[in-house]
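Order of listing sets the numbers, starting from 1, for every ligand and every atom in it. Residue numbers start at 1 and run along the sequence shown. Just so it is clear, the model here is predicted, and its values are computed rather than measured.
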Amino acid sequence: MEMSEARPVGLVSGSGRGIGLACARELASRGFDVCLNCSSERSMEHTEAAARAIESEFGVRALVFVADVAKAAEVKAMVDAIVSELGRLDVLVNNAGITRDGLIARMSEEDFDAVIDVNLKGVFNACKAAAKVMMKQRHGRIINMSSVVGIHGNAGQVNYAASKAGVIGITKSLAKELARRNITVNAVAPGFISTDMTDALSEEQKEAIASRIGLGRFGSAEDVAALVGFLASDEAAYITGQAIEVDGGLAL
Ligand code: NAP
């Protein structure tokens, strides 16, 4: 990255496990100091353990911040603490996300709101807090985790699909707002990736899904993190406002 002697700083929301942890490890492998985030004290233990492993493996700093991304005040306090501790924020990966699946007839208002609050408002909260810092720096990268479901839809996921389509809307609008400040904003849209989120599927469901994927298998968290690492790199400086699918050929 173009910057002073200090190491660049990346924040990945929801990074104690799954795709978020792989993204934090990818940034660390590229020489970033990384800020990991988890939703509550309950997730502190494994998130702290992940941070210590990153520090010993990659020789960078790894700090852990507890913040519920759905709560604007907690997200702002986290970004303020990062800037006061590490002096800057170069890359924000908005990864935190949840599902509350069900057909619409059985989907409660609470399940709709919970998914929108974390997956969509959470992205808004973090973009708002980080953009302020990045605009001052005249440098930054924002990478938002969408989903193929936000592009193509999926029965049983109207809440999740709406949130992930909304993430693409935020991405394209913010890319236009921030381009003149040397800040790029892109979305990554994974297909089916092996994590706790997809572990909830039965073996039969997994087999049926895998048969629809061109490459015939689920992806790994590292498959997604590799694109996130590239979008955070100098080589991706001229890419903004895009939603890029990482789906093993699901949509072909
Ligand atoms: P996961 O294994 O279920 O992990 C979700 C992560 O999000 C956890 O680290 C969790 O933290 C965090 N999180 C949840 N609610 C949060 C909140 N309110 N505030 C802060 N952090 C919160 O999920 P994943 O499969 O890695 O998915 C990561 C992202 O990729 C999500 O946005 C998901 O929608 C997207 N995605 C996944 C797939 C897939 O097939 N797996 C496909 C497309 C898109 P805690 O540990 O504190 O709960």
Val69 and side-chain contact (heavy atoms from CB on, under 4.5 Å): which partner among Asn95, Val118, Val123?
->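 Output: one option passes, namely Val118.
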
Does any non-hydrogen side-chain atom of Val93 lie less than 4.5 Å from one of Leu27?
->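 SC-SC contact between Leu27 and Val93 confirmed.
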
Should we say atom CG of Leu201 is surrounded by more than 12 heavy atoms from elsewhere, each under 6.0 Å from it?
->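 Result for CG/Leu201: enclosed.
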
Greater than 12 external heavy atoms within 6.0 Å of Lys206's NZ =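 Atom NZ in Lys206 is packed in, count exceeds 12.
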
Exactly which residues line ligand 1, taking a heavy atom under 4.0 Å from it as the test?
->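 Residues within 4.0 Å of ligand 1: Gly14, Ser15, Gly16, Arg17, Gly18, Ile19, Asn37, Cys38, Ser39, Ser43, His46, Ala67, Asp68, Val69, Asn95, Ala96, Gly97, Ile98, Val118, Met145, Ser146, Ser147, Tyr160, Lys164, Pro190, Gly191, Phe192, Ile193, Thr195, Asp196, Met197, Thr198.
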
At their closest point, which heavy atom of Cys23 faces which heavy atom of Val12, and how far apart are they?
->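 That closest heavy-atom pairing would be CB-CG1, 4.0 Å.
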
Name all residues meeting the ring pair (Phe, Tyr, Trp, His ring centres under 6.0 Å) criterion together with Phe218; count only those two or more places apart in sequence or in a different chain, and write none if there are none.
->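 Phe192.
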
